[in-house]
There are 2 protein chains.
Amino acid sequence: MTLNKKTIIGLFLSVLMLGSMLSCKAQNETTSKKEVESSSDGHPKLIITKAGVEEIRKNLGNIPIFDASLQMAKEEVDAEIAAGIDTPIPKDFSGGYTHVRHKRNFFMLEKAGLLYQILDDEKYAKYVKDMFFQYAAMYKDLPVHPQTRSYARGKLFWQCLNDSNWLVYASQGYDCIYEYLTPEERETLEADLFRPFADYISIGNPKFYNRVHNHSTWGNAAVGMIALVMDDDELLQRALYGIENDGLDPNEKDNDGGFIKDPEGRAGFLANLEEPFSPDGYYTEGPYYQRYAMYPFLIFSEALNNAKPELKIFEHKDGVLLKAVNALLNLSDADGDFFPLNDGQKGMSYYSKELVTAVDIAYLHGGRDPGLLSIAKKQNRVLLDDSGLAIALGIKNGETKPFKKESINLSDGPNGEQGGVAVLRNEGIEVVFKYAAQGLSHGHYDKLSFSLYEDGQEVIQDYGLARFVNIEQKGGGNYLKENKTWAKQTIAHNTVIQNESSHFQGKYSIGSKHHSELDFYDFSKENIKVVSAHEANAYPGTVLTRTMAVISDDDFEKPFVLDLMRVTSDKANQYDFPYYYLGQIMETNFEYTTPKMLEPLGTKHGYQHLFVEGRGQANQQNIKLSWMNAGRFHTLTTVAGAEDDVLLTRIGADDPEFNLRKEPALMLRKSKAKDAVFASIIESHGSYSPVSENAVNSHSNIAELEVVYNDVDYTAVNIKDLQGKTKLFVVCNSNTSKDAKHEIEVNGNTVQWTGSYDFK
Amino acid sequence: MTLNKKTIIGLFLSVLMLGSMLSCKAQNETTSKKEVESSSDGHPKLIITKAGVEEIRKNLGNIPIFDASLQMAKEEVDAEIAAGIDTPIPKDFSGGYTHVRHKRNFFMLEKAGLLYQILDDEKYAKYVKDMFFQYAAMYKDLPVHPQTRSYARGKLFWQCLNDSNWLVYASQGYDCIYEYLTPEERETLEADLFRPFADYISIGNPKFYNRVHNHSTWGNAAVGMIALVMDDDELLQRALYGIENDGLDPNEKDNDGGFIKDPEGRAGFLANLEEPFSPDGYYTEGPYYQRYAMYPFLIFSEALNNAKPELKIFEHKDGVLLKAVNALLNLSDADGDFFPLNDGQKGMSYYSKELVTAVDIAYLHGGRDPGLLSIAKKQNRVLLDDSGLAIALGIKNGETKPFKKESINLSDGPNGEQGGVAVLRNEGIEVVFKYAAQGLSHGHYDKLSFSLYEDGQEVIQDYGLARFVNIEQKGGGNYLKENKTWAKQTIAHNTVIQNESSHFQGKYSIGSKHHSELDFYDFSKENIKVVSAHEANAYPGTVLTRTMAVISDDDFEKPFVLDLMRVTSDKANQYDFPYYYLGQIMETNFEYTTPKMLEPLGTKHGYQHLFVEGRGQANQQNIKLSWMNAGRFHTLTTVAGAEDDVLLTRIGADDPEFNLRKEPALMLRKSKAKDAVFASIIESHGSYSPVSENAVNSHSNIAELEVVYNDVDYTAVNIKDLQGKTKLFVVCNSNTSKDAKHEIEVNGNTVQWTGSYDFK
């Protein structure tokens, strides 16, 4: 191993580590392995520490949330011990028996290890040991997994990713029973299982291992974790910096369409930590994958922090890992469900085990933010280690405070210069506005798209992914064809589609080079939260600028959403603009016809998946659609020209396997326009209870919405409500500086303001 | 008034009442009204009594659920008093302002009256008095309501039904402030408001008032309640026995297609009590309407019980009113939602105010069943009267016991001889099997239909009604066209449709003459709950016999549903048999094609509302469809012949107003068969959590289902599970006696048993 890494981070960290590594290397060279292993530090030392074990034992029985988590783990492991160990010959995809069994096994290895440490009961150590020896006996001669779908097949599982999961957890189990084993036993396990396992997922699979990608993070952490237990510096270096000379083809792509080789040749845990996180802690693939990736990031970082504190891993990149936990929590709705940006599966939430890890570790290593205790309380379980103890003591000592989610803007890109994601919050209303980078291979072609939530309920939905994760009968639990043909396409999102073609032609090679640009955001006022961004590359020659605001006004029951999408182009185009409302239509103010037969709207770029249920033409200044969902009313009011078409669509055409959800949209279409403004207001109002059968405030409060100004510098709308009051919202298109003074004439009146927008 | 009623009940009750009425009549004739009013009994005397008021005041502050309900009412009424009284000129349909306002007013009249009695604060009495005088001033010259849709228009509301609601509540308010008013004030109110109001909804609207129908029950109760307050025997007689010589045309029908005139000429409260309830307390229109009707039944009965205890109204027809409360509670799922039989709106539950009334009154007058306290606890509110006090004291004294819902069979028809409804329950599984009478004008054409629930979640749904009750923008909140063209039609239900025509040709005149027949039911065994019934009139010449069972078996995770539908006919027919599963398809074992365009399945009897999403042919002995809903897996396994078609359909064709829910079904079709057996098993199995992303037990456990015997006497199926075990279920088709002994040969083996079915 040499220290000739070229990247700046690499160099920076190499310097940091130099002392310890060199001495360690020297030690390795001059002392036998056994002597190192019996160094005074001892095990466990990764996640649970010797000191932690003592503290936990001291407090047991007196830390309710920890005690309960321990009891749960004990019951689970005891049941598994009673059922006996099974390490079947690998065969199945996700959801199949062998997959599920090996997955369950690695959780047991970790949990039983922890139980051994905490309860000091040898039966747990023996169980872990026995399972390890069973694995060692099998692994020696185990061929590559028989399922061939993955670009990087594992041995226990159909993809290296899952093998890495196994090793991350198994390492913790090994750490816990390390001192229970004899040196000879350790030698056997390391020689027959851990070392070849780590080699297989790394040098055996550089395409998997040597990327900047969440998969690789798992691989890196797996290799790093076992390296720390075995005190193996060669593996640790491989974990931190990747494999040199991996021989990867820079043009090769993975199953999801992402490039395998990093364009700058970076690899390893530190590159993975550097690259996908913005300085605000936003992970470019989106919260669903951030959640998944957080576990290896945090667990390996915690292990590094314990075993190699001199690395100061939690301070890396200005504390980005702890910021990432905060960003992730803020990318969840009122119920804690993550916004399904990009390939996100709906329903994943901060109740997941990864977020229990994230919250516990962030609490212990991030200054013990009492807001995190309220999340931990909701999670109602903790890690059975030092961080879980810290949480349990914090809660027990009454230190809990609410975790407040405010409006937030999160930059995307390693340096925060590749657009971002904003969440506008006001009372129960949340607008998620995405003006980010492509999001690697899990990204969707949805520049300037948005989704709308009320009290944790979707009002205008983002479709999320087309996949049933781990449900075997749905394509082996993997991405379905419709993920590419529908979910990733622009038409599946609430944004503008030009000439029935997705942004960047739906091509990753183009999309991954671009990102939208923030124009401004302002969350400083109580009654209005606003963000504005533009996209100039999705369609060459066309610029999309979208301004979204959540506004509270005394005349309205709840804050409403103002949505201004300004399109300018060098030629005339067709612009389609869908709103994927969820629920049942209550009322429309426009005339439409419904066809006797349903036909698909188009043939490609996702249009082939939409049936047309209704067609109408805008016959007045404002088009209105009201719908009801989950006991609430909502109304979309949008400015329309007489030539504009309105389509009522439903997802589900060309769906032979019934993989898609048959959900509706209202789609605005301007068939031939060079420049255009789509101006809309979305209201949530009133309620309906099937128990009381009372319909309260079931009508829109908007009398009229009008675009009263639009040029290269400004766009302005008048909002007139049923009480007869009119408000003006104006946004700057060219000079969005905070301090610039502006003046325009609107309907004969002079309007003056300072800053990038005005509302009065 | 004369006492010449002809019906037996009439006579029976007339005799019972003779003494008191005659003396009362005599009193009325010889004394002035004022003297009667100041009789020693005094007011209030209807729902809350003088004695009750004393008891309540004594316990206030010490009966938590009552105190909380009181506080809620106080806050509500105080806010209304602060807002001021508004009695607008009537104009709107349900959901519109004037409708909602008058509805709110009558609740306030009752609540403020109760608050006056309980809190002894005159501001509440004054509020009630002022509102009454405002109504009196308006009512005198009020024309019929301007909306003309109803067959019986009200004055305050668009239908007499709602005017009757008003008077039922207003009477209670009047009772509460009766003694607060001067005799002159009472005279004014009675002359200008109450008496003409009662006359208008009764003799002014015999079509509404003189029926056996839930609408009339409200009218009768309204007239009776005000009669009791005013001590007006003429009105009381009209309430109990209806109007003589109403001049109604025996062939006239109402908006819903029901006959207006009772064929035997019965009318009035006692006829309404007699007719629609079976001896088991099942109300022929179904639980949704039973819930609605229970309020006037119970509130007027309680008033009668207090004011005319000699009537022994709660003992009437062997205590049918109290049995009805029990039946109603048993017709709810695990969450307390009523099964949406006939025109039922989903989501209506025992949390409704009508059920608070029902539970409280049934508790006080029905032997203080401690199980009712657990329902009251969930409802978390009580009536502010004697019965609410009884509940509150019961809960406070720790007398609460769980309300256990077991399998139940409820006969339909006044004498319990018109079929019925059975609910099979086993662990979390509930099968609702309907073999009842037509259900008056709210009935659906769905003989032998069923629906399936698991833990309160619909698995195989009954569509319910096509209506958005009280949502003005959906057809004024009234029944939608699609209620007739879709919801009532047989194809909208999980039963057999012959030759694409609804049962009884979808004609009320035919359907109302018939009912299905129970063959047997048996809930006595732990592991199997079974019911069987047949229908011989839905299609002349064809007999449908359906046997449904919920079976627990050690090899299965949860109880499964066995469904045997035997069809015999005198000619060859097409049989369609839909299963309206809710959720997304996970897997099928048959091949099918999906069309590029969706076309309607047919042109009439509801078929025009179904799109065909897939067509396949049974290419093996068993067809399987698995789906997932709300985190659970379900599989339908059905026996099929090679010539059978399988259709995947979706509701929503010919639905220009988007009034229907776009939900799927699997439909089996035998295109040309004289006799047929549809044999199916529906399993609930496993779970999926989007948080853990674990799919547990996601596959069916049925290896094979086979019809091994079928003739005029017996039908038998073999059920083979994946563990290789085979069970036989056999049902008797001709002799269903409990004691008969049977013997058949199945696959060369002799099977012997005693009784109407066997499972081993």
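Residue numbering restarts at 1 for every chain, and letters A, B, ... go by the order of the sequence lines.
- When heavy atoms are compared at a cutoff of 4.5 Å, A:K662 approaches chain B solely by way of its side chain, counted from C-beta outward.
- For A:Q584, the part sitting under 4.5 Å from any heavy atom of chain B is the side chain, from C-beta outward, and nothing else.
- Contact count versus chain B (heavy atoms, under 4.5 Å) is highest, among A:E599, A:K103, A:R291, for A:E599.
- Contacts of B:R661 with chain A are made by both backbone and side-chain atoms, with heavy-atom separations under 4.5 Å.
- A pairwise comparison of heavy atoms in B:I585 and A:K474 identifies O-NZ, 2.8 Å as the closest pair.
- Formation of a donor-acceptor pair under 3.5 Å by the B:K353 side chain with backbone atoms of A:V691 is not found in this model.
- Minimum heavy-atom separation, A:Y688 to B:F468: OH-C, 4.5 Å.
- At a 4.5 Å heavy-atom cutoff, the contact between B:K346 and chain A is made by backbone atoms alone.
- Only the side chain of A:F611 has a heavy atom closer than 4.5 Å to any heavy atom of chain B.
- Contacts of B:Y350 with chain A are absent, with no heavy-atom separation under 4.5 Å from either backbone or side chain.
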Starting from the C-alpha separation in whole Å, work towards a yes-or-no answer on side chain to side chain contact (heavy atoms under 4.5 Å, CB included) for B:T588 and A:F658. CA-CA 10 Å; B:T588 61; A:F658 293 85; over 6 Å; no
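- Only the side chain of A:Y288 comes within contact range of chain B, judged by heavy atoms closer than 4.5 Å.
- Contacts of B:Q608 with chain A are absent, with no heavy-atom separation under 4.5 Å from either backbone or side chain.
- Looking at B:Q345, the atoms closer than 4.5 Å to chain A (heavy atoms on both sides) all sit in the side chain, from C-beta outward.
- The structure places CE of B:M348 at 7.5 Å from OG of A:S692, a figure rounded to the nearest 0.5 Å.
- B:E693 and A:V469 get closest at one heavy-atom pair: OE1-CG1, 3.5 Å.
- Counting heavy-atom pairs closer than 4.5 Å to chain A, the top-ranked of the candidates B:S352, B:P656, B:A695, B:S689 is B:P656.
- Atom NZ of B:K596 is surrounded by 12 or fewer heavy atoms from other residues, nucleotides or ligands within 6.0 Å.
- Your options are A:N694, A:N470, A:L598, A:D655, and the one with the most heavy-atom pairs under 4.5 Å with chain B is A:L598.
- More than 12 heavy atoms of other residues, nucleotides or ligands lie within 6.0 Å of NZ in A:K481, so this atom counts as buried by the packing criterion.
- Other residues, nucleotides and ligands place more than 12 heavy atoms under 6.0 Å from the CZ atom of A:R101.
- Contacts between B:F338 and chain A at a heavy-atom distance below 4.5 Å are absent for every atom of the residue.
- Heavy-atom distances place both the backbone and the side chain of B:Y351 under 4.5 Å from chain A.
- Looking only at heavy-atom pairs under 4.5 Å with chain B, the residue among A:E657, A:E472, A:R650 that has the most is A:R650.
- A:M586 and B:I471 get closest at one heavy-atom pair: SD-CG2, 3.8 Å.
- Among all heavy-atom pairs drawn from B:P600 and A:M597, the shortest one is CD-CG, 4.5 Å.
- Within a 6.0 Å radius of CD in A:Q723, more than 12 heavy atoms belonging to other residues, nucleotides or ligands are found.
- For A:D654, no part lies near chain B; criterion is any non-hydrogen pair under 4.5 Å.
- Using a 4.5 Å cut-off between heavy atoms, B:N659 contacts chain A through its backbone alone, with no side-chain atom that close.
- Neither the backbone nor the side chain of A:L355 comes within contact range of chain B; no heavy atoms are under 4.5 Å apart.
- A:Q473 and B:S698 form a side-chain donor-acceptor contact under 3.5 Å, judged by distance and modelled atom types alone.
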